[in-house]
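Proteins get letters first, then strands, A, B, ... in listed order; numbering begins at 1 in each.
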Protein chains: 2
Amino acid sequence: MQLKKIKTDRPRLADEVYQQILTAIRAGDIKDEDRLVQERLAADLQISRTPIREALLRLEQDGILDSSPRGGFIIHRISDQEVKELYQARAAIEGQAARILAVENNKDKLASLRATIEREENISSPTIEAYFEANRSIHRTFIVQCENRYLLEMFDNIWNRGVGYYLFAAIEKLDLSKSLGDHMSLVDSIASADPTVAMDSVVAHITDGFDLQLEALAKRQ
Amino acid sequence: MQLKKIKTDRPRLADEVYQQILTAIRAGDIKDEDRLVQERLAADLQISRTPIREALLRLEQDGILDSSPRGGFIIHRISDQEVKELYQARAAIEGQAARILAVENNKDKLASLRATIEREENISSPTIEAYFEANRSIHRTFIVQCENRYLLEMFDNIWNRGVGYYLFAAIEKLDLSKSLGDHMSLVDSIASADPTVAMDSVVAHITDGFDLQLEALAKRQ
DNA sequence: AAAATGGATACTGAATACAGTATACAAAAA
DNA sequence: TTTTTGTATACTGTATTCAGTATCCATTTT
């Protein structure tokens, strides 16, 4: 009988608090003006302030929250300039992933990517949140497939920064027919085995949504 | 008389601890087997454990330290696979910076880059640490010049991960004559105004040092 | 009415205490 | 000798307390 080693890393409350806050932001449960106050959250969650603080400091470090002059932490206000820079950063990460995958040209990985795209674009209830998650999942699979932990980590950080805004998911209508074509063509460009073609295709795909994103943010404010 | 607004952000002890530990790692004052124990560091620095803990958790989050099964935190052991991935991640970030700079083609920025290269390669005492810092500073200036906070942040994170190994600074001899030519040619490729040329040049420059780096790491263990 | 002042309050950052967990090591058993 | 067991110790993660700081708001002054 082969017994499986029991994982002994102790879960930290701070990690769970971090995830809960991130999830709440994404669900729209935390508004722009809401202040996340350590003592209050501690009372709500019935734990001490310490892990709350650790989680909040980490969310601040990750660029998702800012400490507020009135106390507590608020969702980071993102500027147009920052959005532009995030799009450039995305192009760097996801463009590199495309290059790596094009060079590798692994048929199984490409098939897996196509399967993910088909599955994720089968959104049952078209809310902006669902669209954001589907889009993130699709793009994330490209990174996962190129098996580079750092690119994945940077990808997650970029997308987490936009979680309060559904950044990168700005569309005029909740209509996936346009998106469907676009993602598959990315896989096609990777299948071309030409890293430059693949990267340019991904970069163009990313850049296309930039202006629409700025409009969406303007409407929000 | 115009009075300057006094910065009111309260400095945190944790931030200073973070910097001190990073500096100590870079200086080689912390060895691979050294365990950074919260209580001990608190006694050494004559402060409470709390900011120590905050700094250590952040260094862990940044991938620079791992928590040790024997207690405390140790310098993260980096594998060949991780080095490979870091090189790819660098190529993504620095390659994108080159593209941005090539498109922009700002004469002042290029001149500033050249000045930095000349200054940094004027190392008075050729130690591996000095070489690492000079190399980092040169490469960092490319990122700074493209004015993208996220690329800069990711750049710093990548380089900080290698601080305990002088990663990206593996050379056969402490001789900068080779390095001098290489960095200037990067600026030249950016001056060509062709983003693909610029990026390919930077990526090749980065990739060239990869095998040498693996050898240096093997010798160290 | 607008600006300045003063004090209460909210909240933070750090210090300290407590309880739990994992490792190391000595002693006992096979 | 090797393996197992028990216990002490080191260290962590969390809870609680303390002291300092900044903001808010009411009151006073201009």
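At whole-Å resolution of the value, CD1 in B/Ile52 and C1' in C/dT16 are 15 Å apart. Following rounding to the nearest Å, B/Leu65 (CG) and D/dT12 (P) show an atom-to-atom distance of 12 Å. At whole-Å resolution of the value, CG in B/Asp44 and P in D/dC11 are 12 Å apart. In this entry the distance linking CG of B/Leu41 with P of D/dT12 reads 9 Å, nearest Å. Counting to the nearest Å, the C1' atom of D/dA10 and the CG atom of B/Leu36 are 16 Å from each other. As rounded to whole Å, 16 Å separates atom P of D/dC11 from atom CG of B/Leu57. In this structure, CD1 of B/Ile47 is placed 11 Å from P of C/dT16, rounded to the nearest angstrom. Remark: P of C/dG13 and CD of B/Glu16 are 16 Å apart, rounded to the nearest angstrom.
The side chain of B/Leu13 has C/dA15 as its nearest neighbour among C/dT12, C/dA15, D/dT16. Considering only the side chain of A/Glu54, D/dT14 comes nearest among D/dC24, C/dT23, D/dT14. Set against D/dC11, D/dT12, D/dA15, the side chain of A/Thr50 has D/dA15 as its closest nucleotide. Taking every side-chain heavy atom of B/Ser48 into account, C/dA14 is the closest of C/dA14, D/dT23, D/dA15.
Defined by atom type and a distance below 3.5 Å, a donor-acceptor pair is missing between the side-chain atoms of B/His76 and B/Glu60. A donor-acceptor contact closer than 3.5 angstrom links the side chains of B/Ser79 and B/Glu82.
Proximity of a side-chain donor or acceptor of A/Arg35 to a complementary backbone N or O of A/Arg70 within less than 3.5 Å is detected.
Where A/Arg49 and B/Arg53 each meet DNA chain D at their nearest nucleotide, the meeting point lying more 5' is that of B/Arg53.
Considering only side-chain N and O atoms, A/Gln38 lies nowhere under 4.0 angstrom from the phosphate OP1 or OP2 of C/dA10. For A/Arg40, a side-chain nitrogen or oxygen approaches OP1 or OP2 of C/dC11 to under 4.0 Å. The phosphate of D/dT23 (OP1 or OP2) has no side-chain N or O of A/Arg70 nearer than 4.0 angstrom.
Between B/His183 and B/His139, the ring planes lie perpendicular to each other; the angle is over 60°, past the 30° to 60° tilted range.
Judged by the 6.0 Å and 45° rule, A/Arg90 forms a cation-pi pair with A/Phe168.
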